[in-house]
*Asks:* 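So that we are looking at the same thing, I have put the structure below in structure tokens.
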Amino acid sequence: MSTLAYVLIAVISYFIGTINFAKIISWYSRHKDITKVGSGNPGTMNMLRSFGFKLALFTFLAEIIKAGVTALVCKIIIGGEAGDLAFWYSGLFLLLGYNFPFWYKGGKGAASFAGLFLFSNLWYVAIAWLVVCVILLCIHDYASVNSFLYLTMLAVAHTIYIWVLNVPYAWVLTAIIWALVVLIYIRHHANIYRLIHHKENKVGFKEKAKKFFCHKKGEEIIDECEVNHPPEEEIVIEEDETQANEEIVIDDDKK
């Protein structure tokens, strides 16, 4: 690739990376800033905890498509032996843009990184491993563990693929992929600390997914975390007739 191509890919990918769908979706669907709700992280898991499964799923898919399609377009345009280099070079700046935008608080980048793997040469491995990790998430319910497991194992798979097939620019591709893995771990340092000290929060993935997929036809899904009003304004405690009568008797006795 020419120097101009490197510069254009870096700049365009960075600015596309700064597009944060958690902020966009939370604002237009709930009129709330995701950076001021829940953990404050503008990412998929905070969307799940704060607004429910549906909006989290939309966020996850949007980030996957954003990162994967951008990198894939760069690969197609450059083509040839430098195609894979353009793909992962674009991915590097996409993740930098997502994690370190210059006008708002950035996210942690796990969904965007997953998008790169899902649009890469090993997309079929990424899909199969995603299914396995979703099953594991239903069992242990720790999203951060799943992120580490999914991205690290796919990084290993891609490294093997690159070197076994002798892909051009193997050293550079390997360096970029593992630099992104390190970046993800650094951005999740608070999660790692909580995991070590057994204080990491569960996300309730299985319950939220079940509520979303297993509701009756025509029934509106009501999720406490999706309600716009504070819970204390919605909870109404009604007394039955027996309790009311008992209170009346007690009052009469006092008289």
*Asks:* Are Tyr14 and Trp103 linked, directly or through intermediate hydrophobic residues, by side-chain heavy-atom contacts shorter than 4.5 Å (ILVMFWY only)?
*Replies:* yes
*Asks:* Of all heavy-atom pairs between Ile25 and Met47, which one has the smallest distance, and what is that distance?
*Replies:* CG2-CE, 3.8 Å
*Asks:* State the CD1-CZ distance between Ile34 and Phe51, to the nearest 0.5 angstrom.
*Replies:* 4.5 Å
*Asks:* Give me the atom names and distance for the closest heavy-atom approach of Asn41 to Lys105.
*Replies:* N-NZ, 4.1 Å
*Asks:* Before giving the answer on side chain to side chain contact (heavy atoms under 4.5 Å, CB included), spell out for Val145 and Glu200 the whole-Å C-alpha distance, their side-chain angles and the decisive distance to 0.1 Å.
*Replies:* CA-CA 10 Å; Val145 173; Glu200 178 69 323; over 6 Å; no
*Asks:* Going through the distances and angles, do Lys32 and Trp27 end up as a side chain to side chain contact (heavy atoms under 4.5 Å, CB included)?
*Replies:* CA-CA 5 Å; Lys32 293 181 180 180; Trp27 179 255; 5.6 Å; no
*Asks:* Just verifying a value: how many Å separate Ser147 OG and Ile184 CD1, rounded to the nearest 0.5 Å?
*Replies:* 8.0 Å
*Asks:* Considering residues at least two apart in sequence or located in another chain, which fulfil the side-chain contact (heavy atoms from CB on, under 4.5 Å) criterion with Ile192?
*Replies:* Phe148, Tyr185, Ile196
*Asks:* Under a 4.5 Å side-chain heavy-atom rule over Ile, Leu, Val, Met, Phe, Trp and Tyr, are Leu151 and Trp88 clustered together?
*Replies:* yes
*Asks:* Are the side chain of Arg187 and the backbone N or O of Gly106 linked by a donor-acceptor pair below 3.5 Å?
*Replies:* yes
*Asks:* Can you name the side-chain hydrogen bond (donor to acceptor under 3.5 Å, both in side chains) partners of Lys108, sequence neighbours left out?
*Replies:* Asn191
*Asks:* Which heavy atom of Ala143 sits nearest to which heavy atom of Met45, and what is that distance?
*Replies:* CB-SD, 3.1 Å
*Asks:* Please list all pairs passing the salt bridge (charged side-chain N to carboxylate O under 4.0 Å, His left out) test where one or both residues lie in residues 158-174, with sequence neighbours left out.
*Replies:* none
*Asks:* Which donor-acceptor pairs under 3.5 Å do side chains of residues 165-181 form with protein atoms, sequence neighbours excluded?
*Replies:*
{"from": "Thr174", "atom 1": "OG1", "to": "Trp163", "atom 2": "NE1", "distance (Å)": "3.0"}
{"from": "Thr174", "atom 1": "OG1", "to": "Ala170", "atom 2": "O", "distance (Å)": "2.8"}
{"from": "Trp178", "atom 1": "NE1", "to": "Thr159", "atom 2": "OG1", "distance (Å)": "2.7"}

*Asks:* Give me the atom names and distance for the closest heavy-atom approach of Val37 to Asp33.
*Replies:* CG2-O, 3.4 Å
*Asks:* With a 3.5 Å cut-off and sequence neighbours excluded, list the donor-acceptor pairs that the side chains of residues 111-126 form with protein atoms.
*Replies:*
{"from": "Ser112", "atom 1": "OG", "to": "Glu63", "atom 2": "OE1", "distance (Å)": "3.1"}
{"from": "Ser120", "atom 1": "OG", "to": "Phe117", "atom 2": "O", "distance (Å)": "2.6"}
{"from": "Ser120", "atom 1": "OG", "to": "Leu122", "atom 2": "N", "distance (Å)": "3.3"}
{"from": "Ser120", "atom 1": "OG", "to": "His158", "atom 2": "NE2", "distance (Å)": "2.8"}
{"from": "Asn121", "atom 1": "OD1", "to": "Lys75", "atom 2": "NZ", "distance (Å)": "2.7"}
{"from": "Asn121", "atom 1": "ND2", "to": "Asp84", "atom 2": "OD1", "distance (Å)": "3.2"}
{"from": "Asn121", "atom 1": "ND2", "to": "Tyr161", "atom 2": "OH", "distance (Å)": "3.4"}

*Asks:* How long is the span from the CG atom in Leu183 to the CG atom in Leu92, to the nearest 0.5 Å?
*Replies:* 8.5 Å
*Asks:* Nearest 0.5 Å, what's the NZ-NZ distance between Lys54 and Lys211?
*Replies:* 13.5 Å
*Asks:* Not counting sequence neighbours, which residues clear side-chain contact (heavy atoms from CB on, under 4.5 Å) with Ala5? List them please.
*Replies:* Met1, Ser2, Ile78
*Asks:* Among residues at least two apart in sequence or on other chains, which ones pass ring-ring contact (aromatic ring centres under 6.0 Å, His included) with Tyr104?
*Replies:* none
*Asks:* Taking ring-ring contact (aromatic ring centres under 6.0 Å, His included) as the test, write out the residues that go with His197, two or more places apart.
*Replies:* Tyr193
*Asks:* Kindly indicate whether the side chain of Pro101, heavy atoms from C-beta on, has any atom under 4.5 Å from the side chain of Asn20.
*Replies:* no
*Asks:* I'd like to know if Ile12 and Phe93 are part of one continuous hydrophobic network [Ile/Leu/Val/Met/Phe/Trp/Tyr, side-chain heavy atoms within less than 4.5 Å].
*Replies:* yes
*Asks:* For Phe53 together with Phe205, are the ring centres under 6.0 Å from each other?
*Replies:* yes
*Asks:* Looking at every heavy atom in both Lys66 and Ile16, which two are closest together, and how far apart are they?
*Replies:* CD-O, 3.4 Å
*Asks:* Do Leu149 and Trp129 come within less than 4.5 Å of each other through their side chains, counting heavy atoms only?
*Replies:* yes
*Asks:* What residues form a side-chain hydrogen bond (donor to acceptor under 3.5 Å, both in side chains) with Thr70, not counting sequence neighbours?
*Replies:* none
*Asks:* Measure the OG1-CG distance between Thr18 and Leu96 for me, rounded to the nearest 0.5 Å.
*Replies:* 11.5 Å
*Asks:* Of all the heavy-atom pairs spanning Leu94 and Ala67, show the shortest one and how long it is.
*Replies:* CD1-O, 3.4 Å
*Asks:* Linking Ile, Leu, Val, Met, Phe, Trp and Tyr through side-chain heavy atoms less than 4.5 Å apart, which residues share a cluster with Ile186?
*Replies:* Val182
*Asks:* Do Asn146 and His140 make a side-chain contact, defined as non-hydrogen atoms from C-beta onward lying under 4.5 Å apart?
*Replies:* yes
*Asks:* Considering residues at least two apart in sequence or located in another chain, which fulfil the salt bridge (charged side-chain N to carboxylate O under 4.0 Å, His left out) criterion with Asp141?
*Replies:* none
*Asks:* Inspect the surroundings of OH in Tyr28 and state if more than 12 heavy atoms from other residues, nucleotides or ligands are less than 6.0 Å away.
*Replies:* no
*Asks:* Taking ring-ring contact (aromatic ring centres under 6.0 Å, His included) as the test, write out the residues that go with Phe100, two or more places apart.
*Replies:* none
*Asks:* Quick one: pull up CZ in Phe87 and CG in Leu72 and give me the separation to the nearest 0.5 Å.
*Replies:* 6.5 Å
